[in-house]
Amino acid sequence: MLTVEPQSPVFTGETVTFKCTIYHFDGWTYKWHKAPSSNPVFESNGNTFTIRGAAESDKGQYWCQGERRDRPTISYPSGSVILKVMGSPPKPTLSLKGSAPVLTGNYVLLTCELQSAGWLFYYYKTTLDSQHVSVSEINSYSINSVKVSDGGQYWCRAGRGDPVFYTQYSDALWVNVTERPKAVVSLELNWTQIFRGETVTLRCNIQTEENHDWEYSWYRNGILWSVNHLYTFTATYVSKDNYTCRGQQKNNQMVSDFSEAFTLNVIEKPKPVLRGPPQTWLTEGDSVTLSCEVRGSTTGWRFHWYRYVSFRNRLPTVTYGGTTYYLELLSNGERETGGSYTLSPAALRHTGVYVCRAERGEPAYHTEFSDPQPLFITGVPSASLVIKPNRTQHFTGDSLSLSCEVQGNSTGWRLRWFTKKPEISQCPYSWTAASGPRCHTVLYSYDSGVYWCQSDNSKYSHIVNITVHNGPVIIDSPAYPVTEGDPLSLRCVYRSQPADFHANFFKDSLPLKNHTSGEMTITAVSRKDEGYYQCDNTQGISLTAYVTVKASFSEPGSSHVLVAVSVVLVTLLILVIMLALLFCSKKVKGLHDHTTFAHQDQSLNDQTQHLNQQGCTHLESDITHVYDTVNMQNGGEDEDTTGSTTDLTYAQLELKPIKNKQKINSDEHVPSDVIYAKVNITARKPKNKGEDQPPNGDVTYATVNVKAKELSTKDH
């Protein structure tokens with residue numbers, strides 16, 4: 001059998017190898033013949049015949065036959081093979097399969113086309129003399145995920161034989177690789193922390209200079225979820241999901257690259273924290289600020305302020321301690337920015353329980369309502385809440401007794417509280433009631449809250465904040481404000497006896513005293529000592545307790561205030577007396593319109609007796625005309641002012657009925673409705689240094705003298 005490599009046709013200059021194969025016996029001598037000659041053109045002990053550098057003259061019909069010395073001495077002739085020799089080999093054609101443009105990530109296929117078989121295909125990039133980038137028996141070169149760096153100029157050529165015979169290079173093919181447009185996910189909100197129930201909008205943007213008509217696909221955790229440009233949904237569940245998107249052109253089906261994964265962390269619906277003043281002893285005129293904060297999130301919130309009210313239709317409600325409360329939005333309780341609500345000056349009508357809530361976004365997303373913050377504004381307290389033991393912090397399991405101490409009749413007074421226990425009886429649930437009123441209990445954590453005494457006519461005691469702690473350490477601090485200048489004692493109290501009683505004290509989270517015996521004392525407190533106190537021991541650390549410091553009335557300048565107050569009170573007393581006289585004088589009828597009155601000192605006893613008969617010396621007479629004179633005098637010029645004090649004021653009131661000097665007929669109406677009141681307020685000073693001093697500079701003495709004064713009339 002005769003074969004030829006490469007297969008015909010071959011090209012001028014190419015190497016051609018004939019191979020003669022005889023399957024039986026050995027020791028053959030091979031002879032190759034070319035028609036039409038009967039003489040062999042080549043004879044060899046080997047079974048191959050090679051033509052190097054084939055030429056046009058080498059074309060023709062070839063066959064082979066074997067001979068040997070032993071029998072059989074000759075083989076059958078092989079079949080003939082026609083060798084065609086052509087001129088220069090053809091130039092291959094290099095092409096790119098697929099649509100343009102070539103985008104990063106695309107599959108690229110280069111094809112080198114040649115109308116001949118048995119070739120190896122060589123591919124080159126950038127320059128012809130560079131090392132080939134690929135050799136393949138098939139006429140194609142592929143790049144699975146093309147990169148920008150794969151772009152450039154490509155050639156190909158084919159080769160076969162040994163030595164290799166090459167075709168010409170193909171024409172250059174430019175492969176332009178452009179970056180695939182990349183999708184980008186953006187959150188259409190000004191904040192990144194998302195809460196359960198909040199509405200979320202994601203936008204898919206394709207980064208490209210050209211304005212293509214894109215269709216979008218959204219994937220959540222790798223699963224196709226939506227096909228809109230904007231993906232809007234409600235974060236129903238607490239979750240942590242990855243969102244990606246990509247776009248596809250409607251015209252040429254070009255697909256963008258996937259976006260980077262956008263992780264959306266949805267957390268539980270927030271409950272804002274409402275903070276009030278640290279002290280609960282608030283009086284009229286104070287400035288009170290409440291603050292509302294959504295912890296961990298500060299962007300985009302608008303705050304609303306509410307107060308507990310009685311039942312009303314269509315009001316929002318909250319449940320606290322098993323009781324449902326109705327909430328009324330305060331008329332000025334909406335704040336676009338900031339989370340504070342200020343009452344200045346605070347008044348009795350501001351007493352109540354306040355809550356806040358925040359909202360943001362469109363449509364508005366609302367947080368939960370905050371825990372309630374009771375706010376009590378009182379005047380001068382009419383009762384005291386007695387706490388035994390007298391401190392604000394207590395352990396769970398401790399005994400506590402609360403009672404209302406009222407000056408006078410305690411009827412109508414009762415204990416009130418704001419805790420997680422509803423008010424359904426005289427004392428909180430599970431407490432023991434006694435007369436007084438008094439309530440006693442063994443404490444649980446839910447007994448923490450505020451307590452006060454209140455009467456049926458809405459008079460209050462001071463409010464006390466009681467904290468029940470389940471930990472090992474509490475701080476013993478006074479339940480009521482401490483007066484400036486008084487001592488303040490703080491003590492670390494332990495649930496169980498510690499091995500080491502040493503304790504450290506802190507004020508406003510800063511170290512105050514270390515390694516004490518478990519107790520510390522401030523001998524004379526001042527306003528700077530007001531704040532939050534804590535103590536700790538090897539057993540643990542207490543909760544904070546707020547210590548309030550109130551002003552002392554003995555401070556400089558307070559005596560002058562009391563003097564001014566005393567003068568005002570005396571003036572008010574005068575007005576009360578005058579009004580009483582006016583009231584009793586209304587009983588007199590038939591006034592004499594032409595009577596003239598004058599001040600006289602004569603016949604004073606007669607006129608006084610007449611007025612006494614009318615009862616006006618006891619503020620019961622019928623007198624309508626009242627004249628008053630108020631004189632404020634210092635001590636006489638002859639008084640010794642050495643060492644004296646001007647903080648001592650004496651007030652003297654003189655009421656003088658006018659005596660009628662003329663005899664009055666029985667049938668004549670006499671105007672007896674004129675009273676002259678004279679008030680002398682004298683600042684008295686001790687005459688000498690030896691005179692006893694008053695106990696302090698704030699004492700005021702008032703003396704009222706009622707004297708009859710003469711009344712003159714003339715007949716007409």
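Start at 1 with the first residue, then count along the sequence. Just so you know, these numbers use all the heavy atoms, side chains as well, and skip hydrogens, waters and symmetry mates. Every value quoted in this text rests on a predicted model; they were computed, and no experiment measured them.
Contact annotation: the side chain of F376 approaches that of V450 to within less than 4.5 Å [non-hydrogen atoms, C-beta and beyond]. Contact of the Q426 side chain with the L415 side chain is not registered, since no non-hydrogen atoms from C-beta on lie closer than 4.5 Å. Residues C439 and T432 have side chains not in contact (no heavy-atom distance under 4.5 Å, counting atoms from C-beta outward). Two residues are said to be in side-chain contact when any heavy atoms from C-beta on lie closer than 4.5 Å; W305 and L329 fail this criterion. Between V318 and E368, the closest side-chain pair of non-hydrogen atoms is not below 4.5 Å. A 4.5 Å side-chain heavy-atom check between H469 and H394 finds every atom pair outside the cut-off.
Note that OG of S399 and NE2 of H440 are 4.0 Å apart. Values are rounded to the nearest 0.5 Å.
Among residues two or more places apart in sequence or in another chain, the side-chain contact (heavy atoms from CB on, under 4.5 Å) test is passed with P372 by Y308, Y320, V353, V355, F418. Scanning for side chain to side chain donor-acceptor pair (under 3.5 Å) contacts around T317 gives an empty result, with sequence neighbours left out. With sequence neighbours excluded, no residue satisfies ring-ring contact (aromatic ring centres under 6.0 Å, His included) with F505. Every ring-ring contact (aromatic ring centres under 6.0 Å, His included) that Y451 has, sequence neighbours left out, goes to W431. Contacts of F369 classified as ring-ring contact (aromatic ring centres under 6.0 Å, His included), with partners at least two apart in sequence or in another chain: Y306. Applying the ring-ring contact (aromatic ring centres under 6.0 Å, His included) test to Y429 and every residue at least two apart in sequence or in another chain returns nothing.
Closest approach of P270 to Y365, counting heavy atoms only: CD-OH, 3.5 Å. A pairwise comparison of heavy atoms in S297 and R360 identifies OG-NH1, 3.3 Å as the closest pair. Nearest approach of L282 to P277, heavy atoms of both residues: CD1-CG, 3.8 Å. For the residue pair R307 and G352, the shortest heavy atom distance occurs at CD-CA, 4.1 Å.
Partner of Y546 under the ring pair (Phe, Tyr, Trp, His ring centres under 6.0 Å) criterion, chosen from Y532, Y533, Y480: Y532. Exactly one residue among K420, R357, K271 makes a salt bridge (Lys or Arg N to Asp or Glu O under 4.0 Å) with D371. That residue is K271.
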